[in-house]
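Note sheet for the following structure.
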Amino acid sequence: MNSAVVALKRALRKDIKAQLRSITPATLATESQQVVDRLLTLEEYRASKHVSVYISMPSGEVDTRAIIRDLLHSDKTCYVPRWTKDAMEMVKIKSWDEYLALPVNKWNIPEPPHDQVMENAFDKDGLDLIIVPAMGFDEERNRIGHGKGYYDKFIQNCHAWAKEHQRAAPKTVGLALNSQVLEKGRIPLEPTDQKIDCILTPTKVIHRFWYMSRCIAFGGDHNPYPYTWSLEGEQVQPQHVIQPQQSHVASQRDNSDFDLVLTYNLALETIVCCVGVTLLDNSRPWNLAFDYIRLCSA
């Protein structure tokens, strides 16, 4: 463990904590509702069957009670955290009444009792989606927690379980108040820190997508293949790139130049093409053929 990074994280947590103390109950309620509304319409959430969700503290983070209620009144399975000194497990709760009856721990958070046998997420089907808390997130989907490493370890364990059972790893979605969104580069990083797939804030969604590294003029005869494609500077080899079917957008194009948006689905190891374009004159981005191919996150 790098002592300098640990010290930087400790100082950053102190700064964030001071800022979160200034959030009024009204602001917390409003921003929480905005984030929850985004989550409930998120495709990853709607498609999930087995979901773990943190139980929120009384202040300083997105209130998850509406999410827990939605899970417990749907056909999804709801798992919530139960902690030991060094680790965390996700255990199943079955009803809203059971949630309301949970005892409160030393952090003033409801937690399933340790003397009760409860179904663990790894006992049967694993998880499709992990809803993750934090003290802060940045624009590159990095996360700083409270310093115990519970979620970093748990996400690693989920990936190992999924690999062992030949299943897709669960998606991770972080929930953030506006004050919890930090500038790029502000979070000190360690090798064990886990990036989050998607972060929801009251005003935006920070998602992981693959984009083409140079623009294409549809008005001409430019062929995008075999241009390279990148995600955060990483290169995809040309043999992994398939040529977009330009006919899917032909009826929508005009004489403007477009930047073609492609997405790379890491789970399927395929590239999904022609789901959208962005006008190069800085107009509002808009999607094409959305009903034909869903914009896939990686």
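We're numbering straight along the sequence, starting at 1.
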Charged N to carboxylate O under 4.0 angstrom, Arg167 versus Asp125? yes

Under the 3.5 angstrom rule, does the side chain of Lys195 hit a backbone N or O of Glu140 as a donor-acceptor pair? yes

Within this structure, what is the CG-OG distance for the pair Asp63 and Ser32, rounded to the nearest 0.5 Å? 5.0 Å

How are the rings of Phe154 and Tyr151 set to each other: parallel, tilted or perpendicular (split at 30° and 60°)? perpendicular

Are Ile206 and Leu177 in one and the same hydrophobic cluster, where Ile, Leu, Val, Met, Phe, Trp and Tyr link if side-chain heavy atoms are under 4.5 Å apart? yes

Measure the shortest side-chain to side-chain distance between Val62 and Leu200 over non-hydrogen atoms and say whether it is less than 4.5 angstrom. no

Do you know the tightest heavy-atom contact between Leu28 and Pro58? CD2-O, 3.7 Å

Quick one: pull up CD1 in Ile131 and CG in Leu42 and give me the separation to the nearest 0.5 Å. 9.5 Å

Tell me if a side-chain donor or acceptor on Asp152 pairs with a main-chain N or O of Gly149 at a distance below 3.5 Å. no

When you check the side-chain N and O atoms of Asp37 and Gln33, is any donor under 3.5 Å from an acceptor? yes

Value for CD1 (Ile23) from OG (Ser179), rounded to nearest 0.5 Å, stands at 4.0 Å

Do Asp70 and Leu39 have side-chain heavy atoms sitting under 4.5 Å apart? no

Only pairs at least two apart or in different chains count here, so list each ring-ring contact (aromatic ring centres under 6.0 Å, His included) that has a residue in residues 92-118. Trp83-Trp107, Trp96-Tyr99

In short, Ile93 meets Ile68 closest at the heavy-atom pair CD1-CG2, 4.2 Å

Does the side chain of Pro81 reach to within under 4.5 Å of the side chain of Met90, using non-hydrogen atoms? yes

Closest non-hydrogen atom pair between Ala176 and Val181, with its separation: CB-CG2, 4.2 Å

All pairs passing ring-ring contact (aromatic ring centres under 6.0 Å, His included) where residues 10-69 contributes a residue, at least two apart: none

Would you say Glu89 and Tyr79 are linked by a side-chain donor-acceptor pair, where the criterion is simply a distance under 3.5 Å? no

Are Pro112 and Leu102 packed together at the side-chain level, in the sense that at least one heavy-atom pair is separated by less than 4.5 angstrom? yes

So does Lys49 pair up with Asp75, basic N to acidic O under 4.0 Å? yes

Nearest-0.5 Å distance that lies between atom CG in Asp138 and atom CG in Leu189: 7.0 Å

Between the CD1 atom in Ile55 and the CZ atom in Arg65, the distance rounded to the nearest 0.5 Å is 11.5 Å

Kindly work out whether a path of hydrophobic side-chain contacts (I/L/V/M/F/W/Y, heavy atoms less than 4.5 Å apart) joins Leu8 to Met135. no

Using the rule that Ile, Leu, Val, Met, Phe, Trp and Tyr join whenever any side-chain heavy atoms are under 4.5 Å apart, tell me whether Leu40 and Val80 fall into a single cluster. yes

How long is the straight-line distance from NE2 of His146 back to NZ of Lys17, given to the nearest 0.5 Å? 9.0 Å

Examine Val53 and Val104 and state if one hydrophobic cluster contains both, with Ile, Leu, Val, Met, Phe, Trp and Tyr joined whenever side-chain heavy atoms are less than 4.5 Å apart. no

Look only at the side chain of Ser56 and the backbone of Thr64, and say whether a donor-acceptor pair between them is shorter than 3.5 Å. yes

Tell me if the CZ atom of Arg13 is crowded by more than 12 foreign heavy atoms within 6.0 Å. yes

Looking at Ala134, is its backbone amide N or carbonyl O close enough to the side chain of Gln180 to form a donor-acceptor pair, meaning the two atoms are under 3.5 Å apart? yes

Heavy-atom donor-acceptor pair, Thr30 side chain to Thr27 backbone, under 3.5 Å: no

Does Lys171 pair with Glu43 as a salt bridge, N-O distance under 4.0 Å? no

Asp128 side chain reached by Lys76 side chain, heavy atoms, under 4.5 Å: no

Would you check if Lys92 and Thr77 make a side-chain contact, meaning some heavy-atom pair closer than 4.5 Å? yes

Should Glu190 and Val6 be marked as a side-chain contact (heavy atoms from CB on, under 4.5 Å) after you check the CA-CA gap, both sets of side-chain angles, and the distance that decides it? CA-CA 9 Å; Glu190 297 176 275; Val6 171; 4.2 Å; yes

Quick one, Val35 and Pro202 - any side-chain contact, counting heavy atoms below 4.5 Å? yes

For the backbone of Ala29 and the side chain of Glu31, can you confirm whether one donor and one acceptor N or O come within less than 3.5 Å of each other? no

Shortest non-hydrogen contact between Ile130 and Pro170, atoms and distance: CD1-CG, 3.8 Å

For the residue pair Asp193 and Asn142, establish whether any side-chain heavy-atom pair is separated by less than 4.5 Å. no

Residues Thr192, Lys153; criterion side-chain contact (heavy atoms from CB on, under 4.5 Å); working and verdict: CA-CA 8 Å; Thr192 54; Lys153 295 172 188 173; over 6 Å; no

So, does Arg141 use its side chain to make a donor-acceptor pair with the main chain of Cys198 at under 3.5 Å? no

Nearest heavy-atom pair of Gly136 and Leu182: which atoms, and what distance? CA-CD1, 4.3 Å

Can any side-chain N or O of Thr84 pair as donor or acceptor with the backbone N or O of Ala87 at less than 3.5 Å? yes

Just by distance, do the side chain of Arg143 and the backbone of Phe137 share a donor-acceptor pair under 3.5 Å? no

Check whether Glu61 reaches the backbone of Met57 with its side chain - one donor and one acceptor, N or O, closer than 3.5 Å. yes

